[in-house]
Amino acid sequence: MKSHSKNNGNNQESVRYLQRQMILLFIFFIIGGATIIFAIMTSIHCPELDKTISFIYIGFGAGLLTTSLKRIIHNRKLLKDEKALKDYFVRAFDERENYIANRAFRMAVLIVIMISYLAAFICSIFIPYIMYGLAFQVVILLISYYIAKNVYNRKM
Amino acid sequence: MKTKISELRKERGLTQIDLADQLNVTRQTIISLESGKYKASLILAHKIAQLFDLTIEDVFIFDGEDENL
């Protein structure tokens, strides 16, 4: 039987995990920066476009940029401190914490679906296109669920 | 699910923090396991049983009601 927890390995494994995570964070950092640049360039070169969209893009980009940068700095600190690294991995891969996070996520998704349905149901009276959006979302959800279920079914 | 973790831990003179450290879990997980609020995975149950040098059945008391959850 193979353990899926990362915390039972040695520190080398934890370091490798953090290094892989930092590569991903660096990619997010670049995407965030690129989004901000794209939004600024668009607002300069296409002044006729709605400014609100540019601000939303800048917001998303800034969010990605700062979050990834914060995580990169945090990970670099962890790599220098063995005790903090162990504590971090115990907390991050504690099975109870993961179980709670999964249940909370499922609950949050369910609430989002319910609220989206309710909002779309009411708004569709005035703007019918919202119902198409909701229908599209439901189709994507069902397709993703079906694919994911089949993939896991083959794996387990 | 009831467990004998608390008794076994005290018998061996271990604190919840000691046990958590040895199992690579948080202290809160040990508290929840001891109070029966959280059911350990097979891997964690195996690790706990191994640590106490017992079988899983010796540490965890299977309750028929658990089957429905």
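Letters A, B, ... mirror the listed sequences (proteins, then strands); counts begin at 1.
At a heavy-atom separation below 4.5 angstrom, chain A is approached by no residue within residues 8-16 of chain B.
To the nearest 0.5 angstrom, A/I100 atom CD1 is 7.5 Å from B/Q28 atom CD. Note that CG of B/L33 and CZ of A/R96 are 8.5 Å apart. Values are rounded to the nearest 0.5 Å. From B/T26, atom OG1 reaches atom CD of A/E97 across 5.0 Å, with rounding to the nearest 0.5 Å.
Heavy-atom contacts from other residues, nucleotides or ligands closer than 6.0 Å to CE of A/M41 number 12 or fewer. Counting heavy atoms of neighbouring residues, nucleotides and ligands inside a 6.0 Å radius, atom CZ of A/F60 does not exceed 12 of them.
Under the 4.5 Å side-chain heavy-atom criterion for grouping Ile, Leu, Val, Met, Phe, Trp and Tyr, A/V15 is connected to A/L78 within one hydrophobic cluster. Under a hydrophobic clustering in which Ile, Leu, Val, Met, Phe, Trp and Tyr are joined whenever their side-chain heavy atoms come within less than 4.5 Å, directly or via other members, B/L51 and B/Y38 fall into the same cluster. With hydrophobic clusters built from ILVMFWY side chains whose heavy atoms lie under 4.5 angstrom apart, A/L79 shares a cluster with A/F93.
Other residues sharing a hydrophobic cluster with A/Y146 under the 4.5 Å side-chain heavy-atom criterion for ILVMFWY residues do not exist; the residue is a singleton. Chaining together hydrophobic side chains whose heavy atoms lie under 4.5 Å apart places A/V139 alongside A/I143, A/I147, A/V151. Under a 4.5 Å side-chain heavy-atom criterion applied to ILVMFWY residues, the cluster that includes A/I125 comprises A/F126, A/I127, A/Y129, A/I130, A/Y132 as well.
Both the backbone and the side chain of B/S41 come within less than 4.5 Å of a heavy atom in chain A.
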- request: Kindly determine whether A/K86 and B/N24 satisfy side-chain contact (heavy atoms from CB on, under 4.5 Å), including the steps that lead there.
  value: CA-CA 9 Å; A/K86 189 179 180 284; B/N24 277 329; 3.4 Å; yes
